[in-house]
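Below is one structure, written out as structure tokens; the observations come after it.
All figures in this text were calculated on a predicted structure; none of them were measured in a lab. Naming convention: chains lettered A, B, ... in sequence-line order (proteins, then strands); numbering from 1 in each chain.
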Amino acid sequence: MFSSPYNASTSAGQTPAVPEGHTIHRHALQQRRELAGHRLATDVVQGRFAASAMTLDGRRLDDVEAWGKHLFQWWEGGEVLHVHLGLYGRWRHQQSPPPPMRGEVRLRLIGPSHTWDLSGATACEVLSPDDRERIIARLGPDPLRSDADPGRFLDRAARSRAPIGTLLLDQAALAGIGNVYRAEVLFLGGIHPHRVARDLTDAERSGLWIEIAHQLRLGLRQGRIVTRRRHELDRPASRVPRSEALYVYHCDICRVCATPIRSTTLAARRLDFCPRCQPRRPRRGHTPPVPPP
DNA sequence: CGATTATGATTAA
DNA sequence: TAATCCTAATCGC
């Protein structure tokens with residue numbers, strides 16, 4: 001079906017429920033490969049997206065890119081379709097000609113070899129390049145983009161009085177992290193979520209950026225989130241059961257020290273952490289629970 | 001069959 | 001902080 005570097009596990013068409021940045025980049029790469037360069041038919045567009053999306057019918061899709069959780073499709077004529085999946089949105093792709101639509105499909109893009117169905121998206125709108133610029137201007141650097149500037153995140157974090165657990169979900173500080181990665185990268189860094197961003201050490205902040213970039217790249221390649229270090233797993237990441245893929249997110253006890261996982265709320269979302277591996281007041285010589293990559 | 005839940009984000013109060 | 005938008009899988013009755 002489609003080739004490396006992607007595993008087959010999520011390639012069958014379903015996108016994982018509730019996406020973070022790695023999922024959107026995956027969509028962008030796949031859509032570029034399967035749809036870009038072709039004139040597409042937009043079939044059965046319904047609901048509030050209909051008016052604008054229908055104008056794309058018969059036009060050529062030139063390119064697809066992602067920035068954080070935002071997807072941008074560049075269409076012939078210079079217009080940009082902006083899609084944000086939000087909490088429930090999903091893309092489903094299948095071979096052309098496509099089977100009947102399942103569920104509440106809002107937009108169908110039919111290419112010569114593949115067809116993509118969009119449902120549940122928060123945003124699906126045809127914009128100008130200037131509109132796209134305005135959206136990107138509100139976003140922090142995306143570690144999955146080659147043009148990402150880590151300094152923009154690190155400088156902001158070094159000045160921010162917000163808890164690091166809040167800052168990581170702030171898409172204006174850093175684009176692409178969601179609730180799972182937030183919990184997991186804080187665990188990997190041994191950082192308590194309520195610690196104030198500017199009170200972290202420089203090494204902790206830069207280590208977080210590196211870990212986030214590393215984890216997002218893994219997620220992009222694997223098509224799913226498996227944060228546990230490879231040496232702890234007894235099989236390839238693609239075959240690790242969901243219950244063993246993570247260190248703290250929705251876990252009962254810490255994967256490393258068996259301490260009961262505690263939950264807090266930051267940025268209006270539940271955040272799980274290990275009170276022992278992620279001390280609120282790290283002692284001198286404090287090291288992360290597992291070695292960095 | 002209804003309630004619940006979910007890896008998001010904006011707007012109003 | 002709360003209400004709101006959007007969908008689908010799952011669970012209990």
Side-chain angles (χ1 to χ4, degrees), chain A residues 9-10 12-27 44-50 52-53 66-71 82-92 101-108 116-125 127 131 134-140 142-144 162-163 165-188 193 212 215-220 222-228 237 240-251 261 263-273:
Chain A
S9 53
T10 53
Q14 289 286 359
T15 62
V18 196
E20 299 192 23
H22 66 298
T23 306
I24 314 306
H25 277 266
R26 201 163 220 268
H27 294 154
V44 194
V45 181
Q46 31 175 290
R48 62 194 170 92
F49 303 144
S52 57
W67 189 306
K69 299 167 190 168
H70 298 256
L71 182 112
H82 169 231
V83 175
H84 193 296
L85 295 179
L87 193 49
Y88 316 110
R90 27 177 43 186
W91 284 103
R92 174 182 289 133
M101 293 188 293
R102 278 188 287 152
E104 301 295 309
V105 176
R106 299 301 184 196
L107 171 64
R108 167 167 270 189
W116 287 68
D117 289 343
L118 175 68
S119 64
T122 294
C124 175
E125 51 193 356
L127 304 177
D131 295 330
R134 276 188 280 276
I135 291 171
I136 285 174
R138 301 199 312 258
L139 298 172
D142 172 356
L144 284 178
T166 300
L167 197 69
L168 289 187
L169 266 200
D170 181 355
Q171 303 298 301
L174 176 69
I177 289 295
N179 210 22
V180 175
Y181 278 128
R182 171 173 76 157
E184 294 292 309
V185 301
L186 285 173
F187 174 83
L188 286 161
I212 288 165
Q215 289 295 339
L216 284 171
R217 279 192 293 264
L218 283 179
L220 172 61
Q222 294 165 354
R224 61 178 295 210
I225 302 178
V226 178
T227 56
R228 287 185 73 201
V240 171
R242 186 210 291 267
S243 61
E244 295 175 24
L246 307 174
Y247 283 105
V248 288
Y249 179 80
H250 283 202
C251 295
I261 293 302
S263 293
T264 185
T265 300
L266 281 176
R269 318 289 299 281
R270 164 175 159 171
L271 204 179
D272 300 322
F273 67 100

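Applying the side-chain hydrogen bond (donor to acceptor under 3.5 Å, both in side chains) test to A/Arg269 and every residue at least two apart in sequence or in another chain returns nothing. In terms of the side-chain hydrogen bond (donor to acceptor under 3.5 Å, both in side chains) criterion, residue partners of A/Tyr247 (sequence neighbours excluded) are, by chain and number, A/Glu232. Residues forming a salt bridge (Lys or Arg N to Asp or Glu O under 4.0 Å) with A/Glu244 (at least two apart in sequence, or on another chain): A/Arg235. For A/His82, the ring-ring contact (aromatic ring centres under 6.0 Å, His included) partners are A/His70, A/Phe72, not counting sequence neighbours.
A/His250 comes within 4.0 angstrom of the backbone, heavy atoms only, and of no base. Contacts of A/Leu169 with the nucleic acid, taken as non-hydrogen atoms under 4.0 Å apart, are absent. If you check every strand for non-hydrogen atoms under 4.0 Å, A/Arg242 touches a base.
An OP1 or OP2 oxygen of B/dT7 is reached within less than 4.0 angstrom by a side-chain nitrogen or oxygen of A/Arg269. Close to B/dG8, at under 4.0 Å from its OP1 or OP2, lies no side-chain N or O of A/Gln171. Remark: A/His84 is in phosphate contact with B/dA9, judged by side-chain N or O atoms under 4.0 Å from OP1 or OP2.
Whole-Å rounding puts the A/Leu216 CG to B/dT7 P distance at 17 Å. Note: CD1 (A/Ile177) to C1' (B/dT7) measures 11 Å, nearest angstrom. Here B/dG8 presents its C1' atom at 16 Å from CG of A/Leu266, a figure rounded to the nearest Å. Taking atom NE2 of residue A/His27 and atom C1' of nucleotide B/dT7, one finds them 13 Å apart after rounding to whole Å. In this entry the distance linking CG of A/Asp117 with P of C/dA8 reads 11 Å, nearest Å. The nearest whole Å value for the distance from the CZ atom in A/Arg92 to the P atom in C/dA9 is 8 Å. Distance CZ (A/Arg182) to P (B/dT7): 10 Å, rounded to an integer number of Å. Note: CZ (A/Arg270) to P (B/dT4) measures 17 Å, nearest angstrom.
Between A/Leu266 and A/Arg182 there is a side-chain heavy-atom pair separated by less than 4.5 Å. When side chains are defined from C-beta on, A/Asn179 counts as touching A/Tyr249, because their heavy atoms get closer than 4.5 Å.
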List the steps, then state whether side-chain contact (heavy atoms from CB on, under 4.5 Å) holds for A/Ile212 with A/Leu168.
CA-CA 10 Å; A/Ile212 288 165; A/Leu168 289 187; 4.0 Å; yes

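With a 3.5 Å limit on both pairing distances and Watson-Crick or G-U wobble geometry required, the stems of 3 or more pairs in DNA chain B span B:1-6 with C:7-12, B:8-12 with C:1-5.
Using P as the reference atom, B/dT4 and C/dA3 are 15 Å apart when rounded to the nearest Å. When the P atom is compared between B/dT5 and C/dC13, the two are found 14 Å apart, to the nearest whole Å.
Here the straight-line distance linking atom NE2 of A/His22 with atom NZ of A/Lys69 works out to 10.5 Å at 0.5 Å rounding. Interatomic distance, CG of A/Asp117 versus CZ of A/Arg92, reported as 7.0 Å (0.5 Å rounding). In this structure, A/His25 NE2 and A/Leu71 CG are separated by 9.5 Å, a value rounded to the nearest 0.5 Å.
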Provide a list of protein-nucleic acid N or O atom pairs under 3.5 angstrom, restricted to nucleotides 3-7 of chain C.
unit_1 : atom_1 : unit_2   : atom_2 : d
C/dC6  : N4     : A/Tyr88  : OH     : 2.6
C/dT7  : OP1    : A/Arg106 : NE     : 2.9
C/dT7  : OP1    : A/Arg106 : NH2    : 2.4

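The nucleotide whose nearest atom lies closest to any side-chain atom of A/Arg138 is, among B/dG8, B/dT10, B/dA6, B/dT10.
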